[in-house]
Amino acid sequence: MGIKKLTILFLGLLLLGGCSPRVIDEQQVDKNEKIVIKFSHVVSENTPKGLAAKRFADLVRERTGGYVEVQVFPDSMLYKDGEEFEALKSGAVQMLAPATSKLSTMFPEWQLFDLPYAFSDMTTAHNLMDGPLVKELFTDLQEQNFLGLAMWDSGFKQFTNNIRPLRKPEDFQGLHFRIMTSQVLKAQFNELGAQASPMPFNDVYEALKNGTVDAEENTISNIYTQNFDHNQKFLTLSNHGYIGYVVLTNADFWESLTPEVTKILEDTMRDVTIWERERAGNMDQNHLAELEREGKMEITHLSQEEQAQLQKALNPVYDLLSAEIGKDLVNKVKEFSKEGA
Ligand code: LMR
């Protein structure tokens, strides 16, 4: 009986026994027999997504005794925005965790997560992420042979720019923002009289440095770990939007795995999702403290009144984009945000 069958039998017996698989001696696993999962993403390792991908890899290796090896490629080192989805479809990689915005070119409904001020807190966002609405969106992913495995947090978005402190809607006039590829994000900045240009994440640092764009929006952990504060003088803490991730795999690849292996991967994904969501918020706070300590950016805290003004100025985006996203989806998010708050 080959090592593969022996390993599967062993894992199967362990699972049937109800106990989580113990580590088996990795040396027993024949290099040719092991399953390799390439996990590509675009952010630094020291971010919620980066640490979660690494934890997933460590736990899978431990729980399968090295039979399944997850190789994580952070920081766009293997594929960057605009290349990742083709790589997943072709089987060049087996896992991604793109921001929901980036799915919107193929699946416009995912732009519901880009709607400004859609979530008052992370719990509201999690209730949507774990509810029936997103389960429907996961079903649609199968059109591209994608399988949704989980949703992870990045956090709330803030504004950075090089021109002036941003407090009131009129302060945005004439600025040029980098955005992720999303009609909602384009409409959001156009509504404020600003320009918005989609750009791969790993090009943003240089674009801010050479002035191709003079502003961007992102979570604190991305702003900090990408050193955007080296080329941005002003940070406004607005929490005006949310970045969430869809953890994806290739459906054909997933179906090729044995039930024993998919059970371990699903259980591990569930554990890591809980772990990631528990830490994302704190990571943002810790990275904000670092940005404040380094003092490279003037940090603006918006008053309640200023927040309300910005939210009011961005409200038209909901109706403007309801055709693009789907009126009933937009209404559900509106209802949801009120209830979930
Ligand atoms: C961005 O492109 O700004 C973010 O999606 C990067 C990320 O994956 O958090």
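Whatever order the structure lists ligands and atoms in, that order sets their numbers, starting from 1.
Linking Ile, Leu, Val, Met, Phe, Trp and Tyr residues whenever their side-chain heavy atoms come within less than 4.5 Å leaves Trp275 and Phe56 in two separate clusters. Linking Ile, Leu, Val, Met, Phe, Trp and Tyr residues whenever their side-chain heavy atoms come within less than 4.5 Å leaves Leu51 and Phe39 in two separate clusters.
The distance from ligand 1 to the heavy atoms of Val42 drops below 4.0 Å at these ligand atoms: 8 (O). Shown in contact with Ala99 at under 4.0 Å from a heavy atom are these atoms of ligand 1, numbered in order with element: 5 (O).
Ring geometry for Phe177 against Phe189 counts as parallel: the plane angle stays under 30°, on a 0 to 90° scale with 60° as the upper cut.
Of the protein's non-hydrogen atoms, Val43 CG1, 3.3 Å is the one closest to atom 7 (C) of ligand 1. Of the protein's non-hydrogen atoms, the one nearest atom 9 (O) of ligand 1 is Tyr245 OH, 2.5 Å. Protein heavy atom nearest atom 2 (O) of ligand 1, with residue, atom name and distance: Lys102 NZ, 2.7 Å. For atom 8 (O) of ligand 1, the nearest protein heavy atom (residue, atom name, distance) is Lys49 NZ, 2.7 Å.
Side-chain contact check for Pro98 versus Leu248: some heavy-atom pair is nearer than 4.5 Å. Side chains of Leu88 and Glu84 form no contact here, defined as non-hydrogen atoms less than 4.5 Å apart.
Note that CD of Glu276 is 7.5 Å distant from OG1 of Thr273, once rounded to the nearest 0.5 Å.
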Could you pull out all donor-acceptor pairs under 3.5 Å where a side-chain atom in residues 280-293 meets a protein atom, sequence neighbours excluded?
from, atom 1, to, atom 2, distance (Å)
Asp284, OD1, Ser221, N, 3.0
Asn286, ND2, Asn282, O, 3.4
His287, NE2, Asn46, ND2, 3.4
Glu290, OE1, Arg293, NE, 3.2
Glu290, OE1, Arg293, NH2, 2.6

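Of the heavy atoms in Arg178, only side-chain atoms (C-beta onward) come closer than 4.0 Å to ligand 1. With a 4.0 Å cut-off on non-hydrogen atoms, Thr219 does not touch ligand 1 at all. Only the side chain of Asn218 comes within 4.0 Å of ligand 1, judged by heavy-atom distances.
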